[in-house]
Amino acid sequence: MTLLQTIKGLLFKRRAPLPETAPAEGYNLWAPAYDAQPDNLMLALDEALFADLLQGLEVAGKTVVDVGCGTGRHWAKLLVQGPSELMGYDVSEGMLAMLQQKMPHATVYLLDAAGALSNTADGSADIVISTLTMAHIPDAATAIAEWCRVLKPGGHLIITDYHPTALARGANRSFSHQGKTVHLKNHVHPIEKIKAELGQRGVAVLRLVERTIDDSMQHWYEKQGALAVFQQYKGTPIIYGLLAKK
């Protein structure tokens, strides 16, 4: 999915909601082509945002849990730092298969509908990460409770995702499959609600970063002949990330 597809969801008003595909089914379809997206601005933005939030955290010798790990987009930068354990959870068997194809010894688990991290004990994770995943989860409170359950006191949590402002205005995650556009199901979880859910569980937000469509992104739109889209939606929040500590 390109950011152009996402912003076109903002640009054109719909008379009726688009049919949406459940994340597990959708990502199974998307998995074979997911890593081959050189012009996906959202993935580029997430790459930079995650690296920024991770900077300064001690990964060496630590236990890291990646919820919504997908094909392991961030695993290379984690593994090079020498964690004692890195495990991933995802709802898509196809995405996990792609991860294990790249990293045969990867420890991965299929995430059930309830989002339980069943293979991770209470207070056993030093770092929990979840990138570009939160809006796919229907019940944010239950998911956050589970992430906080496995996090050690003093442990850190990193969350990144599409900005709820963009999703509320009609942005959507979509991709092409066999000549058709597949739209993935999303839920709008306001950032203040996420912060409140964390706070109720003794997890404090240390940093919150929100990125808007700005001049640094203009060339991505020009490359796709979508300068008018850029000009109309310049200043729209498109991605956020937060770093929290228990």
Side-chain angles (χ1 to χ4, degrees), residues 1-13 27 30 33-57 59 66-78 80-81 127 129-136 156-176 181-184 186-195 205-244:
M1 169 200 56
T2 65
L3 185 60
L4 174 57
Q5 287 175 300
T6 297
I7 301 305
K8 280 183 176 178
L10 302 176
L11 186 59
F12 299 108
K13 296 186 180 298
Y27 281 107
W30 200 357
Y34 191 82
D35 287 338
Q37 301 183 74
D39 296 320
N40 189 319
L41 178 53
M42 283 303 296
L43 293 186
L45 290 173
D46 181 66
E47 183 77 17
L49 183 53
F50 176 75
D52 178 36
L53 294 171
L54 184 67
Q55 187 174 14
L57 296 189
V59 177
D66 185 356
V67 184
C69 62
T71 63
R73 288 183 300 111
H74 298 302
W75 280 39
K77 68 175 70 67
L78 291 166
V80 76
Q81 298 188 53
I127 302 172
I129 67 175
S130 181
T131 60
L132 300 182
T133 296
M134 176 63 80
H136 286 320
H156 289 86
L157 170 66
I158 295 176
I159 299 173
T160 73
D161 203 10
Y162 278 65
H163 201 287
T165 297
L167 293 175
R169 293 184 59 188
N172 65 86
R173 291 180 238 215
S174 58
F175 62 98
S176 296
T181 300
V182 178
H183 301 277
L184 296 170
N186 286 297
H187 306 270
V188 178
H189 302 305
I191 295 173
E192 288 305 313
K193 178 181 177 182
I194 293 170
K195 291 170 64 177
V205 174
L206 305 179
R207 290 185 62 199
L208 171 63
V209 181
E210 300 173 84
R211 289 292 311 274
T212 62
I213 298 171
D214 60 23
D215 290 334
S216 70
M217 304 175 196
Q218 180 173 338
H219 69 283
W220 292 80
Y221 291 87
E222 290 177 337
K223 187 175 182 179
Q224 298 195 42
L227 188 57
V229 177
F230 167 78
Q231 291 171 338
Q232 179 153 355
Y233 284 95
K234 181 179 177 181
T236 299
I238 196 64
I239 192 171
Y240 77 94
L242 62 82
L243 170 67

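All values reported here derive from a predicted model rather than from experimental measurement.
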For the pair I158 and L242, evaluate side-chain contact (heavy atoms from CB on, under 4.5 Å) and give the outcome as yes or no after the intermediate values.
CA-CA 6 Å; I158 295 176; L242 62 82; over 6 Å; no

Go through the steps for L132 and I239 under the test side-chain contact (heavy atoms from CB on, under 4.5 Å), then give the verdict.
CA-CA 9 Å; L132 300 182; I239 192 171; 4.2 Å; yes

Stepwise salt bridge (Lys or Arg N to Asp or Glu O under 4.0 Å) check, R173 with D161:
CA-CA 11 Å; R173 291 180 238 215; D161 203 10; 3.0 Å; yes

Take D52 and L54 through the side-chain contact (heavy atoms from CB on, under 4.5 Å) test and state the conclusion after the steps.
CA-CA 6 Å; D52 178 36; L54 184 67; over 6 Å; no

Test side-chain contact (heavy atoms from CB on, under 4.5 Å) on I191 and E210 and set out the steps.
CA-CA 10 Å; I191 295 173; E210 300 173 84; 3.7 Å; yes

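What you find for L167 and A171 is that their closest heavy atoms are CD2-O, 3.6 Å. The two residues P237 and A166 have their closest heavy-atom pair at O-CB, 3.4 Å. Between P38 and W220, the closest heavy-atom pair is O-CZ3, 4.3 Å. In this structure, S174 and W30 approach most closely via the heavy-atom pair O-CH2, 4.4 Å.
Separation of atoms CD1 (I129) and CZ (F50) is listed at 4.0 Å; rounding is to 0.5 Å. Atom-to-atom distance recorded for L41:CG and S216:OG is 8.0 Å, nearest 0.5 angstrom. Atom NZ of K234 and atom CE of M217 lie 11.0 Å apart (nearest 0.5 Å). The structure places CD of Q81 at 8.5 Å from CG of L57, a figure rounded to the nearest 0.5 Å. Here the straight-line distance linking atom NE2 of H219 with atom CG of L227 works out to 13.0 Å at 0.5 Å rounding.
Within the 3.5 Å criterion, the main-chain N or O of T131 finds a donor-acceptor partner in the side chain of T133. A distance-only check finds a donor-acceptor pair linking the side chain of S130 to the backbone of V67 [under 3.5 Å]. Listed for the Q218 side chain is no donor-acceptor partner under 3.5 Å among the backbone atoms of D215.
The shortest side-chain heavy-atom distance between M134 and Y162 does not fall under the 4.5 Å cut-off. When side chains are defined from C-beta on, H163 does not count as touching T236, because their heavy atoms never get closer than 4.5 Å. A 4.5 Å side-chain heavy-atom check between L243 and V205 finds every atom pair outside the cut-off. Side chains of L157 and I159 form a contact here, defined as non-hydrogen atoms less than 4.5 Å apart.
For D39 and K223, the salt-bridge test passes: some basic side-chain N is under 4.0 Å from an acidic carboxylate O. For the pair R73 and D35, the salt-bridge criterion is not met [side-chain N within less than 4.0 Å of a carboxylate O].
Between the side chains of T212 and D214, no donor-acceptor pair of N or O atoms lies under 3.5 Å.
For the side chain to side chain contact (heavy atoms under 4.5 Å, CB included) criterion with Y240, the lone passing option out of V209, L49, T165, L208 is L208.
Proximity of the aromatic rings of H183 and F175 is defined here by a centroid distance below 6.0 angstrom, and this criterion is not met.
Classification of the H189-H187 ring pair by plane angle, with boundaries at 30° and 60°, yields parallel.
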